[in-house]
Novice: 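Shown below is the structure under consideration.
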There are 2 protein chains.
Amino acid sequence: MVKMSDVAKRANVSTATVSRVLSKEGYVSEETRNKVLEAIDILGYTPNRLASNFRKSSSHTVLAIIPDITNPFFSEVVKGLEKVAAERGYHVLLGDTGNSLHVERDLMELVREQVADGVILATARVTNEEIEKLGRGLPIVVACEYFDGISIPTVSIDNVVAAREATQYLIDCGHRRIAFISGRFNIVLNRDRIRGYRQALEYNGLHVHEGLIQEGDWTMESGMNAMSRILAMDQLPTAVFAASDEMAVGALKSLKAKGLRVPDDMSVMGFDDISLSEMVEPELSTVQQPKRELGELAIRMLLNIIEGKKLERTQVILSHRLVIRGSTAPPRSAHEGGR
Amino acid sequence: MVKMSDVAKRANVSTATVSRVLSKEGYVSEETRNKVLEAIDILGYTPNRLASNFRKSSSHTVLAIIPDITNPFFSEVVKGLEKVAAERGYHVLLGDTGNSLHVERDLMELVREQVADGVILATARVTNEEIEKLGRGLPIVVACEYFDGISIPTVSIDNVVAAREATQYLIDCGHRRIAFISGRFNIVLNRDRIRGYRQALEYNGLHVHEGLIQEGDWTMESGMNAMSRILAMDQLPTAVFAASDEMAVGALKSLKAKGLRVPDDMSVMGFDDISLSEMVEPELSTVQQPKRELGELAIRMLLNIIEGKKLERTQVILSHRLVIRGSTAPPRSAHEGGR
DNA sequence: ACTGTCCCTGTAATCGATTACATCTACGAA
DNA sequence: TTCGTAGATGTAATCGATTACAGGGACAGT
């Protein structure tokens, strides 16, 4: 491999000068610069970034820790990360934890080992306190989730309010018995959505039936299964609210399989607004999250921290939006003149 | 930051010994080992991987160059990559080119700069020759695509045969006029699928109507638009074959919007067998690709190259499988007694 | 003529871990 | 007793780029 000293020799200058040419810092005469550039060209020199990173002790790499890259929501967030990272000359190291707390912890080590300059943590499994401990000194931004009163920067929507509004919308439609297809109970953002769901019911004086809250794992299949369990109950709800669009699509599938019509027999509400939600029949009513922006903002904040800039705000809440499409409607009883 | 020399001092040994303890190579007495481990523990030492990587001139990182991470097919492939990489102690640097040839070229530079030890190139935009030139000396594996007679290792299915079989299946159902919703024409794997489609038609003495081949860009929306263009034609086909499930789902959407029924009025065949294809109504007939395995095998080969092991085979073709579900059926004319 | 400042360039230390090589001990075989 | 070897540890060079520091020339201001 050609190294800087080879270039220096060929151009009859010192490595310091070559370095100055490459970094465009410090003074170099036009003539010398040309000599150096010519030598680089002739020798086909490429700087060894490993050496450079080591010396500058910065890898220009950030680590994205996500539970599952095949989840379209996270894909979009990662896309946002990647875009801004590339713009600012950083690379993204992908860490797919497969929802494992253990893997999540292991990955965090990489920052201490200087493999990455900072971390984007999407939906943490580690506890609040653990993040704070790890975050002391390490550049870290939590994306998609909000931790109350944490000192670590976060970027997310307000999942409690969003879920509350979605549930309220169903109630306003006339639904009284509303099921909830949840993601894993141990995920904060999911718990927030459950909380919003509960709040809306309670606010309207409706009883929260624990049996109507069924756990899934964000996949379509789990949504399908959760819906099947709900449909096996004695008293059916007239609406289901799923904590993700994928699970809502699974629910749709299960309903069709049982011969129930959406929204006539059952309203279905999703969450995230992934592109799929407009493709299913009927189109899915859902809560829109600004996925790319979530990723873009999270990494902007992270890079600012890494580069020592001050953050204006450390807890950013982006706005969500209820998107009403064809999968929700008043319950049939309402049509038929119910109460 | 605590460094190795601090540990060495504290344990009253040399850095060489500490290094030997950490790397588990060379001789170290039990007693010394314990002293060192204790010192590491007390000081909270974490090795600086940047320094280590530099010295060993290996980053233990591979670069995955993919056109679009939000495409569920690639997400699955990347998931496979990530899994095996993690198992073998490597990291995956994500390079989402957004389908840009320019970005693709830039990313390749990273290997020359030693940021990554090797590259997985999923659906290359750069030419055959360019890859071969880059590949000389650089560990590189092309995933998902087959290049005839190239010296670079590839892992893929046989897209020509797969598309031919899928088309043949539609012909066997009785379809005579079959449209094709294509991905971008400049993508090799897509061209292979078009070729298979053509071969099947020609083999059966059917005319290839160029107007029935419509270009999309793999997204559901583009599939929807392509289908709309096809539906605007004078003489409608009785079946459509889409080069990806996502585009097929878009086609489904467009057909429903126009009030056409699948498969009664139009059969729809997809490609990839992403999980979504079982969720839409009707379920999508498609060509199954072993997505995870594609990723897993590709990275295994790459890591073997990096670690200097010999490859048994350099051009691996994994098997595909036709999956027939509800979106394909004989054309109505056939039902009605047509020849 | 002297001083200060701006350009330009080079020398050499430095980042932290790895490793080739040297040294020393202990022990068994001859 | 001597020699060979395995075991244990240390010394110091090394990877390649960056950068603090020094030095020298040119030129303007006084």
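All chains are named by letter (A, B, ...) in the order of the sequence lines, taking the proteins before the strands, and each is independently numbered beginning at 1. FYI, side chains are in, hydrogens and waters are out, and symmetry mates aren't considered; it's all heavy atoms of this structure.
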Novice: Strictly below 4.0 Å: does A/Ser19 bring a side-chain N or O up to OP1 or OP2 of D/dT18?
Specialist: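 Yes, A/Ser19 has a side-chain N/O under 4.0 Å of OP1/OP2 on D/dT18.
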Novice: Can you check whether B/Ser14 has a side-chain N or O nearer than 4.0 Å to OP1 or OP2 of D/dG10?
Specialist: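 Checking B/Ser14 against D/dG10: at least one side-chain N or O falls below 4.0 Å of OP1 or OP2.
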Novice: A/Arg33 CZ to C/dT9 P: how many Å, rounded?
Specialist: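 Spelled out: CZ on A/Arg33 to P on C/dT9 is 10 Å.
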Novice: Please tell me which of the listed nucleotides, C/dT18, D/dT9, C/dC15, lies nearest to the side chain of B/Thr17?
Specialist: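 Ranking C/dT18, D/dT9, C/dC15 by closest atom to the B/Thr17 side chain puts D/dT9 first.
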Novice: For B/Arg112, is there an ion pair with B/Glu109 - N to carboxylate O distance below 4.0 angstrom?
Specialist: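 Salt bridge present between B/Glu109 and B/Arg112.
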Novice: Please report, rounded to the nearest Å, how far the C1' atom of C/dT9 is from the NZ atom of A/Lys35.
Specialist: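 Taking NZ of A/Lys35 and C1' of C/dT9, I get 10 Å after rounding.
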Novice: B/Thr32 side chain: which of C/dC15, D/dT11, D/dT9 is closest?
Specialist: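 Given the options C/dC15, D/dT11, D/dT9, the side chain of B/Thr32 is closest to D/dT9.
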Novice: Do the side chains of B/Asp96 and A/Lys83 get close enough for a salt bridge, i.e. N-O under 4.0 angstrom?
Specialist: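 Not counted as a salt bridge, because no side-chain N and carboxylate O are separated by less than 4.0 Å.
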Novice: CD of A/Glu25 versus C1' of D/dA17: gap in Å, rounded?
Specialist: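 After rounding, the reported distance stands at 14 Å.
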Novice: Check whether any side-chain heavy atom of A/Lys291 sits under 4.5 Å from a side-chain heavy atom of A/Phe73, and report yes or no.
Specialist: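 The answer is yes; the side chains approach within 4.5 Å.
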Novice: Taking A/Asp6 for its side chain and A/Lys3 for its backbone only, find out whether a donor-acceptor pair lies under 3.5 Å.
Specialist: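 Confirmed, A/Asp6 side chain pairs with A/Lys3 backbone.
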Novice: When you measure from the side chain of B/Ala51, which nucleotide among D/dT18, D/dG10, C/dG16 comes out closest?
Specialist: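 Selected nucleotide (nearest to the side chain): C/dG16.
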Novice: For B/Tyr27 and D/dG7, is the shortest distance between a side-chain N/O and OP1 or OP2 below 4.0 Å?
Specialist: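 So the side chain of B/Tyr27 is within the cut-off, an N or O lying under 4.0 Å from OP1 or OP2 of D/dG7.
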Novice: Over how many whole Å does the gap from B/Met1 atom CE to C/dT14 atom P extend?
Specialist: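 To the nearest whole Å, that distance equals 21 Å.
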Novice: If you compare every side-chain N and O of B/Thr15 against the phosphate oxygens of C/dA17 (OP1, OP2), does one of them come in below 4.0 Å?
Specialist: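 No, because none of the side-chain N or O atoms of B/Thr15 sits under 4.0 Å from OP1 or OP2 of C/dA17.
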Novice: Remember a base hit wins even if backbone is also touched, and classify B/Asp6 as base, sugar-phosphate or nothing at under 4.0 Å, heavy atoms.
Specialist: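 The answer is nothing, as B/Asp6 stays clear of every strand by at least 4.0 Å.
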Novice: Quick check on side chain to side chain contact (heavy atoms under 4.5 Å, CB included): which of A/Ile120, A/Val84, A/Val62, A/Leu63 does A/Val92 satisfy it with?
Specialist: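 That would be A/Val62.
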Novice: Nearest-Å distance, NZ (B/Lys3) to C1' (C/dC15)?
Specialist: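 Checked: the NZ to C1' distance equals 8 Å.
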Novice: Of B/Thr46 and B/Arg20, whose closest DNA chain C nucleotide lies nearer the 5' terminus?
Specialist: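 The residue whose closest nucleotide sits nearer the 5' end is B/Thr46.
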Novice: A/Lys24 has an atom NZ; how far is it from atom P of C/dC7, in whole Å?
Specialist: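 That distance rounds to 19 Å.
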Novice: Regarding B/Val13, tell me which of base, sugar-phosphate or nothing describes its non-hydrogen contacts under 4.0 Å with the strands shown.
Specialist: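 The answer is sugar-phosphate, as B/Val13 gets under 4.0 Å only of primed atoms, P, OP1 or OP2.
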Novice: Between C/dT19, D/dT18, C/dC15, which nucleotide has the shortest distance from any of its atoms to the side chain of A/Met4?
Specialist: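 The closest nucleotide is D/dT18.
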Novice: Report which part of the nucleic acid A/Ser23 touches: base, sugar-phosphate, or nothing (heavy-atom distance under 4.0 Å, all strands).
Specialist: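 It contacts nothing in the nucleic acid.
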Novice: If you only use heavy atoms from C-beta on, which nucleotide in D/dT18, C/dG10, D/dT9 is closest to the side chain of B/Val28?
Specialist: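 Selected nucleotide (nearest to the side chain): D/dT9.
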Novice: So, does B/Glu104 use its side chain to make a donor-acceptor pair with the main chain of B/Arg125 at under 3.5 Å?
Specialist: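 Here the side-chain-to-backbone pair exists.
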Novice: Can you figure out which of D/dT9, D/dT18, C/dG16 approaches the side chain of B/Asn48 most closely?
Specialist: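 For the B/Asn48 side chain, the nearest candidate turns out to be C/dG16.
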Novice: Considering heavy-atom distances to DNA chain D, does B/Lys56 or B/Ala16 have its closest nucleotide positioned more toward the 5' end?
Specialist: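 Nearer the 5' end of the strand: B/Ala16.
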Novice: From the list D/dT9, C/dT19, C/dT9, which nucleotide is the closest neighbour of the side chain of B/Ser29?
Specialist: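 Between D/dT9, C/dT19, C/dT9, the one nearest the side chain of B/Ser29 would be D/dT9.
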Novice: Rounded off to whole Å, could you give me the CZ-to-C1' distance for the A/Arg49 and D/dA17 pair?
Specialist: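 Taking atom C1' of D/dA17 as the reference, CZ of A/Arg49 is at 12 Å.
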Novice: For B/Glu30 and D/dG7, what is the distance between atoms CD and P respectively, to the nearest whole Å?
Specialist: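 Spelled out: CD on B/Glu30 to P on D/dG7 is 15 Å.
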